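One structure below.
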Amino acid sequence: MSTLALTVNRRAVDCRSEPRTSLADLVRDHLDLTGTHLGCEHGVCGACTVLIDGVPARSCITFAAACEGAVVTTIEGLDDDEIATELRAAFTREHALQCGYCTPGMLVSARDLVLRLPDADEHQIRIGMSGNLCRCTGYVGIVRAVMSVIAARRGRDIQPVVGGGRTTLGPTGAGHGAAKDDLRVASTSAAASVTASLATAAIADFTPTATIEQAFEVQHAPANVAALFADVAAVAACLPGVALTNAADPHRIEGEIRVQVGPIGAQFAGGARIERADDGLSGRIIGAGNDRRSRSSTQGEIRYRLTPRHEGRATLVDLTIGYTLTGLLAQVGRSGLVRDLARRLVDQFAANLERKLSGETVGPAQAAQHLNGLALLLGLIRARLPRWLGGTSRH
């Protein structure tokens with residue numbers, strides 16, 4: 001048994017629980033807050049959604065021990081909440097209530113959308129609510145209700161809250177579960193560093209969940225390649241889908257990258273810090289980004305090393321790419337597919353880099369297009385098809 005100290009519905013709570021106890025079981029069985037419903041207990045249906053530090057989270061797959069020091073709000077804690085009150089009225093008005101089992105989780109998720117979305121965009125609302133399943137299939141009324149509340153609030157000139165109160169990248173509640181003294185320092189630091197954009201969040205080191213190693217050769221001297229790598233804007237121009245929004249600091253950049261994996265599109269906005277060796281022949285870029293529409297987050301690290309080839313007339317570029325992906329894209333993009341897409345991206349980057357070093361213009365057709373996962377997948381199939389057919393003919 002472990003002792004937990006957290007805040008639930010504005011009330012300080014100290015309780016004892018087993019390390020395996022989920023947050024859902026804690027609030028239901030220990031605190032008698034049964035408005036949080038359990039459905040699939042696999043983080044799929046969304047019936048158990050609560051707020052952890054103001055951000056919606058699946059309580060059935062969140063360990064209570066990970067919420068040490070966190071602020072948790074269940075549906076009961078939203079009784080007097082202005083947005084939740086408007087949503088409850090809209091759900092009644094638009095006939096968004098049927099059996100009601102999914103409704104607590106729906107209201108928590110819908111409140112987050114009302115808080116964040118700039119306008120009543122049906123497409124974005126459907127994406128935002130896609131993690132909450134209605135057993136009675138009453139989605140039309142639910143979407144209508146959320147749209148009406150957003151439209152009414154924006155009509156009263158109530159502006160959206162950028163990020164919806166999010167102050168850190170990564171999973172909801174990240175940073176909790178540490179020692180209590182560390183939590184006090186972390187919470188003080190987080191309160192002092194709230195900004196209007198996740199792009200300005202601190203870029204911290206991390207341990208990648210997957211790593212890809214790839215190398216390619218360009219027909220230019222290492223000094224020329226190192227000089228181009230020192231030009232952040234030039235390197236960004238060679239990467240498909242990348243657009244810089246701030247490159248004034250040579251050691252830190254901000255921007256976005258657009259990705260399309262099958263039916264799922266994402267626009268990751270974030271920042272990166274840049275480290276280079278004194279000779280310019282090696283370095284590291286580490287960054288993090290967040291896509292608000294798909295609720296996906298990513299952290300990435302690129303290490304590069306430039307080695308002379310052919311008596312210095314060419315350069316071998318060795319890349320080690322590490323990444324961690326969470327959210328909807330992590331569910332859609334299986335690791336094998338993501339690895340193959342990353343390799344295709346490196347191939348495009350190498351081709352654009354060669355053009356850039358040769359003095360050619362890297363135009364929209366080469367670099368500005370976003371990363372279309374379907375097109376890259378078709379290219380992958382074309383590349384592998386002869387091998388597959390050859391393997392079949394040998395049997």
Side-chain angles (χ1 to χ4, degrees), residues 37 39-40 42-51 54-58 60 75 78 83-84 86-155 158-166 172 198 256 258-269 289-298 325-333 370 372-374:
H37 292 168
C40 66
H42 285 78
V44 175
C45 73
C48 68
T49 305
V50 299
L51 297 177
V55 181
R58 303 286 194 264
C60 74
I75 190 64
L78 296 176
I83 297 176
E86 294 180 27
L87 280 168
R88 285 194 294 269
F91 269 52
T92 301
R93 183 177 63 250
E94 299 294 343
H95 305 289
L97 295 163
Q98 293 189 43
C99 82
Y101 198 84
C102 70
T103 304
M106 288 280 185
L107 288 172
V108 174
S109 295
R111 179 187 178 279
D112 180 64
L113 294 181
V114 173
L115 192 65
R116 292 187 297 107
L117 295 184
D119 50 52
D121 185 321
E122 180 179 352
H123 178 66
Q124 291 192 45
I125 290 170
R126 287 186 176 275
I127 290 176
M129 297 297 294
S130 61
N132 292 78
L133 304 182
C134 173
R135 305 177 186 208
C136 308
T137 66
Y139 298 108
V140 172
I142 292 168
V143 172
R144 242 186 351 239
V146 179
M147 289 179 65
S148 69
V149 174
I150 294 176
R153 291 179 67 83
R154 301 300 173 259
I158 301 176
Q159 298 302 311
V161 177
V162 178
R166 292 159 175 79
T172 302
L198 288 172
E256 63 183 28
R258 296 187 177 187
V259 182
Q260 182 81 28
V261 179
I264 306 298
Q267 183 170 317
F268 289 98
N290 179 274
D291 175 57
R292 293 174 58 190
R293 294 185 64 180
S294 68
R295 295 188 183 183
S296 300
S297 299
T298 185
L325 184 64
T326 60
L328 182 60
L329 280 181
Q331 300 172 24
V332 175
H370 60 251
N372 190 315
L374 182 58

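The structure displayed is predicted, hence computed values, not measured ones.
For the side-chain contact (heavy atoms from CB on, under 4.5 Å) test, residues two or more places apart in sequence or in another chain that qualify with Cys102 are Met106, Cys134. With sequence neighbours left out, the side-chain contact (heavy atoms from CB on, under 4.5 Å) criterion links Pro118 to Pro160. Under the rule for a side chain to side chain donor-acceptor pair (under 3.5 Å), the partners of His123 that lie at least two apart in sequence or sit in another chain are Arg293. With sequence neighbours left out, the side chain to side chain donor-acceptor pair (under 3.5 Å) criterion links Arg93 to Ser148. Applying the side-chain contact (heavy atoms from CB on, under 4.5 Å) test to Leu133 and every residue at least two apart in sequence or in another chain returns Val44, Cys45, Tyr139. Every side-chain contact (heavy atoms from CB on, under 4.5 Å) that Leu97 has, sequence neighbours left out, goes to Phe91, Thr92, Thr103. Applying the side chain to side chain donor-acceptor pair (under 3.5 Å) test to Arg153 and every residue at least two apart in sequence or in another chain returns Glu82, Glu86.
In this structure, Ser109 and Asn132 approach most closely via the heavy-atom pair OG-OD1, 2.8 Å. In plain terms, the two heavy atoms of Cys60 and Cys48 that are nearest each other are N-SG, 3.3 Å. Of all heavy-atom pairs between Gly100 and Pro104, the closest is O-CD, 3.6 Å. Shortest non-hydrogen contact noted between Met147 and Ile125 is CG-CD1, 3.2 Å.
Within the structure, salt bridge (charged side-chain N to carboxylate O under 4.0 Å, His left out) contacts touching residues 117-126 (residues at least two apart or in different chains) are Glu122-Arg126. Within the structure, every pair that satisfies the ring-ring contact (aromatic ring centres under 6.0 Å, His included) test and touches residues 94-113, not counting sequence neighbours, is listed here: His37-Tyr101.
Looking at heavy atoms from C-beta onward, Pro56 lies in side-chain contact with Leu51 at the 4.5 angstrom threshold. Looking only at side-chain heavy atoms (C-beta outward), Val50 and Val108 stay at 4.5 Å or farther from each other.
Put simply, OG1 on Thr49 and CZ on Arg111 are 13.5 Å apart, with the number rounded to the nearest 0.5 Å.
Checking each of Ile158, Ile150, Val161 against Val114 for a side-chain contact (heavy atoms from CB on, under 4.5 Å) leaves exactly one that passes, namely Ile150.
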Q: With side chain to side chain contact (heavy atoms under 4.5 Å, CB included) as the test, would you mind laying out the steps for Val55 and Asp112 before giving the verdict?
A: CA-CA 7 Å; Val55 181; Asp112 180 64; 5.7 Å; no
Q | Full working for side chain to side chain contact (heavy atoms under 4.5 Å, CB included) between Leu78 and Leu87 | A | CA-CA 11 Å; Leu78 296 176; Leu87 280 168; over 6 Å; no
Q: List the steps, then state whether side chain to side chain contact (heavy atoms under 4.5 Å, CB included) holds for Met129 with Val143.
A: CA-CA 8 Å; Met129 297 297 294; Val143 172; 5.7 Å; no
